[in-house]
Amino acid sequence: MNYTIATIASHSCLQILKGAKDEGFATLAISTKKTATFYHQYEFIDEVAELDSYADTLAYTQTLDKKKTIIIPHGSFVAYLGSESDRKTHLKYFGNKKILEIEANRHQQHEWLEKTGVRMPKIFTSAEKIDRPVIVKSYGAKGGTGYFIAANKKELDIKLAKAKLSENTYIIQEYIIGVPAYIQFFASLIRKRVEILGADRRYESNVDGLGRLPVSFQREISLEPSYTVIGNFPIVLRESLLPQFQKIGENIVKVSKKVAPPQGLYGPFCLETIITENQRIYAIEISCRIVAGTNAFISGSPYSDLLFGEPLSMGRRIAREIKEAIELNRLRKILN
Ligand code: AMP
Ligand code: AMP
């Protein structure tokens, strides 16, 4: 096929390049000298670039063949290169850059999701009106560090005073009591459909460790929960939730064509939800690229098996879409 699929060597790189190789592409991992040896051991990676630092990625990609290299973005792009990185690469890039700008802006993301009709936690514009447990999220917070929860207005006032956050740098959101579930979708422009390919939950430090401590100890050390991701657990959803999620996913894609015309959202995306005991689904956040929770399904998920009858990871699904686009002479339609 003559095309190389490339990505940064972290996050979901192994899955993306394994999937690309399985679909017949050449593969390139853009690595640092420190981690290159690790990536060299995998036979499905044809080439490992060894940079001094990930910050050199954009300069390095300038040296690659623009016509023949396709870059697949994932979480490390923003983490290592900044939110502008998507716009700067000169390589063919799988995904809609306009939708990523909307995703990166909390306000615009909220407006978009609201238009789809999906249920979301209430946002309080002022601390005065708090009548239920809330979670305070500061804008710059990465992976939930810097979030805090408050059971009521009194606790919120004390914690806000202590945190010394400046105005307009945080939001106060209703705290939903339920269980988190991350739903992994793929929106195909080629097959014109939205596929549910998996679901997971995160294993977060320290919040998932707190429950292992006796209450007396918890009281003694008065710890706040933090949410650093360490890994992910696969979930199979109660089946009656699936048609609901299918509809939510389809609405998100439909409305995205209005907020980022003409293509809207396509490729992998993930909806972070909390599901209550009444099976009410609340959307918390959307990620418009491959999420690392898909790594739980490198050999396929129950849902990809049902749709495709073969072990198909999200990484391989991306490569399949690109392959089908090449065969139909529509590659330009799915690259930016
Ligand atoms: P890393 O390359 O592991 O440092 O991750 C790059 C970015 O992706 C960071 O912002 C991480 O927080 C995020 N990330 C990595 N792995 C996961 C995961 N399993 N779930 C959610 N986010 C992740
Ligand atoms: P996030 O950074 O949005 O992935 O959130 C970090 C953690 O906070 C996750 O474990 C979420 O499940 C939890 N979380 C975020 N917002 C809410 C909310 N409104 N209600 C309950 N839990 C939340």
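Numbering of ligands and ligand atoms starts at 1, following listing order.
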Next item on the list: Answer yes if the side chains of Thr294 and Gln15 hold a donor-acceptor pair under 3.5 Å, and no otherwise.
Entry: yes

Checklist line | Lys159 to Phe148 six-membered ring, cation-pi geometry met (6.0 Å, 45°) | finding: no

Next item on the list: List every atom of ligand 2 that sits less than 4.0 Å from any heavy atom of Ile274, numbering the atoms from 1 in the order shown and giving each element.
Entry: 12 (O), 21 (C), 22 (N), 23 (C)

Check: Any idea which atoms of ligand 2 are less than 4.0 Å away from a heavy-atom of Arg202?
Finding: 4 (O)

Notebook entry, point to check: Relative to the ring of Tyr42, is the ring of Phe44 parallel (under 30°), tilted (30 to 60°) or perpendicular (over 60°)?
Noted result: tilted

Notebook entry, point to check: Considering only heavy atoms of Lys137, which atoms of ligand 2 have at least one such atom less than 4.0 Å away?
Noted result: 3 (O), 15 (C), 16 (N)

Notebook entry, point to check: For the residue pair Tyr203 and Phe233, does the interplanar ring angle fall in the parallel (under 30°), tilted (30 to 60°) or perpendicular (over 60°) class?
Noted result: perpendicular

Next item on the list: Enumerate the atoms of ligand 1 whose separation from the nearest heavy atom of Asn232 is less than 4.0 angstrom.
Entry: 18 (C), 19 (N)

Item checked: Ring-face cation of Lys97 near Tyr93 (centre distance under 6.0 Å, axis angle within 45°) -> yes

Next item on the list: Only heavy atoms count here, so choose which of Ala79, Ala292, Ser76 is nearest to atom 10 (O) of ligand 1.
Entry: Ala79

Checklist line | Region of Val291 engaging ligand 1 - heavy atom pairs below 4.0 Å | finding: neither

Margin query: Please classify the Tyr175 to ligand 2 contact at 4.0 Å (heavy-atom distances, strictly less than): side chain, backbone, both or neither.
Written below: both

Notebook entry, point to check: Hey, which atoms in ligand 2 end up nearer than 4.0 Å to a heavy atom of Tyr147?
Noted result: 1 (P), 2 (O), 3 (O), 5 (O), 6 (C)

Check: With a cut-off of 4.0 Å, which atoms of ligand 2 are near a heavy atom of Tyr182?
Finding: 4 (O)

Note to self: Determine whether a donor-acceptor pair (N or O, by modelled atom type, separation under 3.5 Å) exists between the side chain of Ser301 and the backbone of Leu197.
What the structure shows: yes

Check: What are the atoms of ligand 1, with element, lying closer than 4.0 Å to any heavy atom of Ser10?
Finding: 1 (P), 2 (O), 3 (O)

Check: Does Phe94 have its ring centroid less than 6.0 Å away from the ring centroid of Tyr266?
Finding: yes

Notebook entry, point to check: Among Lys122, Glu204, Glu174, whose heavy atom sits nearest atom 9 (C) of ligand 2?
Noted result: Glu204

Next item on the list: Considering the heavy atoms of Tyr80, write down every atom of ligand 1 situated less than 4.0 Å from one of them.
Entry: 1 (P), 2 (O), 4 (O)

Checklist line | Donor on one side chain, acceptor on other, Glu272 and Tyr182, under 3.5 Å | finding: yes

